Amino acid sequence: MPELPEVETIVRGLRAPLIGHTFSGVRVEWERMTQPSARELRARLPGQRVEAIHRRGKYLVMQLSGKDNLIIHLKMTGDLEVLPADAPGHQHDRVVFDLENGNQLRFRDPRKFGRVYLTDDPAWILDRLGPEPLDDDFTEGEFLALFDRRSGRIKPLLLNQEFIVGLGNIYADEALFLAGVRPERKADTLLEAEKRGLYRAIRQVLQLAIDQKGTSLADETYRGGQYQRQFKVYDRREEPCPKCGSPIQRIRLGQRSAHFCPNCQR
DNA sequence: CTAAAATCCTGGTGGC
DNA sequence: TGCCACCAGGATTTTA
């Protein structure tokens, strides 16, 4: 599942092949994945050049020369790659963008959860998002302030992109392990020292994962990252905790799995 | 306002 | 071997 480190890795890889190049067409294989419609994409996208590519949370944002923004969310199983137009296609290619230089940007997504937006006003998509955990100016004090009037359990809260962006099920579990906090703890019961530890843990886990070019899982399209080798708790049910040897537990929390060490996390 | 459940999707898996 | 129920989860929508 592409989370912040995977999207960041993909963004960095797309800059060289895309920036300065111009879209010449688009083919949509699954209508529900684009907004606006495929018809409108075909009318508006051709002729627009990619001027910059950024990441905001788990969204990939391409600034285009025609004042539009092409915004893509990979959700669970999406992946993007640039290939020559005559390279063999893939069964799960859902949206294929033609470029004037003879290449294609291909959005592959077996589960069809991904989304493609074209808009001249990205605010309606991006404005609700919480702070970027790795920004230099995202301070410990700002993180502490996020807990105002928050009473739900900490794990679902970390997954809420309006609270803070970038964490998905993997890195939320890993950050909570590093901070020594149980996923089912109520947010308003965390001590200030625990919140400070969680702030550091989130930034450490995400930065290390970016350094490893993200995580590659067997049932997902995204490949190349190595962070799965660093998992301390995620997908390690009944395996020994790397700190104390206790069996890692897996529970369900907010319709998601949560992994933790019952001894090291309180 | 916040919290939590339901929803969208398909490929892989385990049980029989 | 085939069939089928079930599981994985990011973000939006619905419900409380």
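Being a predicted model, the structure only gives us computed values, none of them experimental.
Taking the six-membered ring for Trp and the full ring otherwise, the centers of A/F163 and A/F147 sit less than 6.0 Å from each other. Between A/F138 and A/Y199, a ring centre-to-centre spacing shorter than 6.0 Å is recorded. You'll find the ring centres of A/Y117 and A/W124 inside the 6.0 Å limit. A/Y234 has its ring centre no less than 6.0 Å from the ring centre of A/Y171.
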Reading 5' to 3' through nucleotides 1-8 of chain B, protein heavy-atom contacts under 4.0 Å coded B for base, S for sugar-phosphate only, - for none: -SS-BB-B
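Of the candidates B/dT10, C/dG9, C/dA11, B/dT10 carries the atom nearest the A/K112 side chain, counting heavy atoms from C-beta on.
At C/dA11, one or more side-chain N or O atoms of A/H73 fall inside 4.0 Å of OP1 or OP2 (strictly under the cut-off). For the OP1/OP2 pair of C/dA8 and a distance below 4.0 Å, the side-chain nitrogens and oxygens of A/Y234 include no atom meeting the criterion. Checking the phosphate oxygens (OP1, OP2) of B/dG11, no side-chain nitrogen or oxygen of A/T77 falls inside 4.0 Å. An OP1 or OP2 oxygen of B/dG11 is reached within less than 4.0 angstrom by a side-chain nitrogen or oxygen of A/H92. Residue A/R111 has no polar side-chain atom (N or O) positioned under 4.0 Å from OP1 or OP2 of B/dG12.
In this structure, A/I71 is not a member of the same hydrophobic cluster as A/I19, with clusters built from ILVMFWY side-chain heavy atoms closer than 4.5 Å.
The bend of the helix from B/dT2-C/dA16 to B/dC16-C/dG2, defined by the angle between the axes of its first five and last five pairs, stands at 50° to the nearest 10°.
At a cut-off of 3.5 Å, with distance as the only test, no side-chain donor of A/D188 or A/S151 sits close to an acceptor on the other residue.
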Any N/O pairs under 3.5 Å between the protein and nucleotides 12-16 of chain C? List them or say none.
from: C/dT12; atom 1: OP1; to: A/Y59; atom 2: OH; distance (Å): 3.1

